[in-house]
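Remarks on the structure that follows.
Each ligand, and each atom within it, is numbered from 1 in the order the structure gives.
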Amino acid sequence: MAEQTEKKLIFSGIQPTGVFTLGNYIGAIRNWGPLQDEYRCVYSVVDMHAITVRQDSVKLRQNTLQAYALLMACGIDLEKSLLFIQSHVHTHAELSWILSCNTQFGELSRMTQFKDKSQRHPDDMNAGLFTYPVLMAADILAYNADLVPVGVDQKQHLELARDIAQRFNQRYGDFFTMPEPYIPLVGAKVMSLQDPTKKMSKSDTNPNACILILDDKDTIIRKCKRAVTDSDTVVRYAEGKDGINNLMTIYSSVTGKDFDAIEREFDGQGYDTFKMAVGEAVADHLRPMQETYAKLIGDKKYLNECYTQSDAKALAYSSKIVQKVYHKIGFVDAR
Ligand code: TYM
C-alpha cells in the first residue's frame, strides 16, 4: 500500500464460509474494485470471524483460499490494494482484546446478528459469537479506516465500532478516525429468492433461495424462474411486491438500468419473461469473473505469494497503530 496520505483509507472484510452469494457480491464485493483508484484499500478474508460458527477445518482452509481467489477475480488488484488473510495478521486479535475492555456487555447484547445467530445455533452460543463485533471494530480501527463498504446488515456493527472508537478517544485522547459506512444505494440488501422478506444468505437451507456467484448459467436461470413473486403480472417497483422489487434490484445492479427503464423494457410482458431475463443477465455478468476465478484457483503458488505480500504489509501498517494504542492505554513500551 503506497503511502499516499492524501487518499482516504477503506477497510472491508468477508467471511470465508463458502462460495459468496449474489447478495455478498451486489451489496459489497462488486463495489470494492472500483474504489481502488480513489482510495487506499485494505481488504481481508476474515477467517477468524468465520470460526464463531463451527467450521470443518479442512473446508475452512479450502474456503479461505477460494474466497481469496474469488475476491481477486472480482477485481481486487494487488498492485493497488492489500488483500490479506485475517489470521495472518496478529494485530487484529490484539486490538480486539483492548477494545473489548472498552465495550459494554449491554452494547453487545443488543446486536441483532448475535440474537439471530445464537437462536440458530443454540448448542454453540460461544463467547466469540458474542464479542464478534469487537473483532470487527478492531479490523477497521487497526487501520484507522475512513470508510467501510458493506451491505446494510453490517450497519449496526459499524455503528458499534464508531461508539467504541468514540469512547476510546474520550478516555485516552483523540486517536481513532470515525469510520463511515459506505452502503450502495441499490442492492444494499439483496433478499432471498424464496422468501423476499429475508436477506439472501449462504446459510439458507433452501438452495433455491440463494444464487452463488459460481453457479452455472442453467442453475442461475432455474433459481430465478422459481423465485417467489406475487399474483400481479406487471413488472413494476412497488410496495407489497417484495419478490419483484428484489428481482428488479438484482437486474438493475447487473445491467446498470434504473427501475423506470426496467419497467418500460418489460411493459406488457409478464413475470416469466422478466425472470428469464434476470437469470440471463446475472449469468452473463458473472461469467468473466468465473473464468478468471477458474484460472486463479488452480495456481496455489501465486495465491500464496499474493497473500504473503499483503499479510506483511497489513501487519506493518496495523502494528504502528496498535503500538500507539498500547502506549496510550499505559502499557510499557516494548524493546
Ligand atoms: P459477511 O461475510 O457476512 O458478508 C460480506 C459482505 O456482504 C454483505 N452482504 C449482503 N449485502 C447485500 N445483500 C445481502 N443479502 C448480503 N449478505 C451479505 C455484508 O453486508 C458484508 O458487507 N462481519 C462481516 C465481515 C467483516 C467486516 C469487517 C466487514 C469482518 N470485519 C470489517 C467490514 C469491516 C460479515 O460477516 O460479512
Side-chain angles (χ1 to χ4, degrees), residues 9-32 35 41-53 55 63-64 66-68 70-71 74 82 84-87 89 91-93 95-96 99 111-114 116-117 128-129 131-162 164-165 179-204 209-213 242 245-246 249-250 253 314 318:
L9 193 139
I10 293 246
F11 183 94
S12 201
I14 187 158
Q15 297 193 49
T17 45
V19 178
F20 303 145
T21 69
L22 191 64
N24 293 134
Y25 178 78
I26 291 175
I29 310 165
R30 69 167 303 186
N31 308 312
W32 294 4
L35 294 167
C41 295
V42 183
Y43 297 124
S44 182
V45 177
V46 291
D47 50 353
M48 286 159 68
H49 281 267
I51 61 161
T52 55
V53 172
Q55 302 289 338
N63 285 341
T64 302
Q66 179 186 60
Y68 196 91
L70 274 175
L71 290 175
C74 288
L82 299 190
F84 68 94
I85 297 179
Q86 185 187 30
S87 62
V89 181
T91 42
H92 291 241
L95 184 59
S96 180
L99 298 181
M111 294 295 115
T112 52
Q113 207 165 70
F114 169 70
D116 287 353
K117 283 199 178 172
L129 193 60
T131 56
Y132 162 117
V134 183
L135 180 58
M136 179 162 159
D139 297 338
I140 298 164
L141 299 178
Y143 301 84
N144 258 330
D146 299 282
L147 284 175
V148 182
V150 280
V152 99
D153 63 325
Q154 294 300 320
K155 197 162 172 252
Q156 194 186 30
H157 290 160
L158 199 56
E159 278 159 10
L160 179 67
R162 288 169 59 87
I164 298 172
E180 299 285 343
Y182 188 100
I183 295 176
L185 292 175
V186 175
K189 191 170 186 186
V190 176
M191 310 308 272
S192 154
L193 298 181
Q194 290 299 309
D195 176 358
T197 61
K198 277 190 349 200
K199 95 171 172 174
M200 182 181 281
S201 162
K202 283 173 226 171
S203 55
D204 204 307
C210 159
I211 293 174
L212 301 176
I213 64 171
D242 296 332
N245 294 349
N246 191 36
T249 300
I250 292 172
S253 301
S318 57

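With sequence neighbours left out, H49 forms a ring-ring contact (aromatic ring centres under 6.0 Å, His included) with Y132. Remark: F20 pairs with no residue by the ring-ring contact (aromatic ring centres under 6.0 Å, His included) rule, at least two apart or across chains.
Considering CG of N63 and CD of Q15, their distance stands at 11.0 Å, rounded to 0.5 Å.
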Show the numbers, then the answer: is there a ring pair (Phe, Tyr, Trp, His ring centres under 6.0 Å) between H157 and F114? CA-CA 10 Å; H157 290 160; F114 169 70; over 10 Å; no
Side chain to side chain contact (heavy atoms under 4.5 Å, CB included) between N144 and L9, intermediate numbers included: CA-CA 8 Å; N144 258 330; L9 193 139; over 6 Å; no
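Sorted by chain and number, the residues within 4.0 Å of ligand 1 by heavy atom are F11, S12, G13, I14, Q15, G23, N24, G27, A28, V46, H49, Y132, M136, D139, I140, V148, V150, G151, D153, Q154, G187, A188, K189, V190, M200.
For the salt bridge (Lys or Arg N to Asp or Glu O under 4.0 Å) condition, no pair includes a residue of residues 23-32, sequence neighbours left out.
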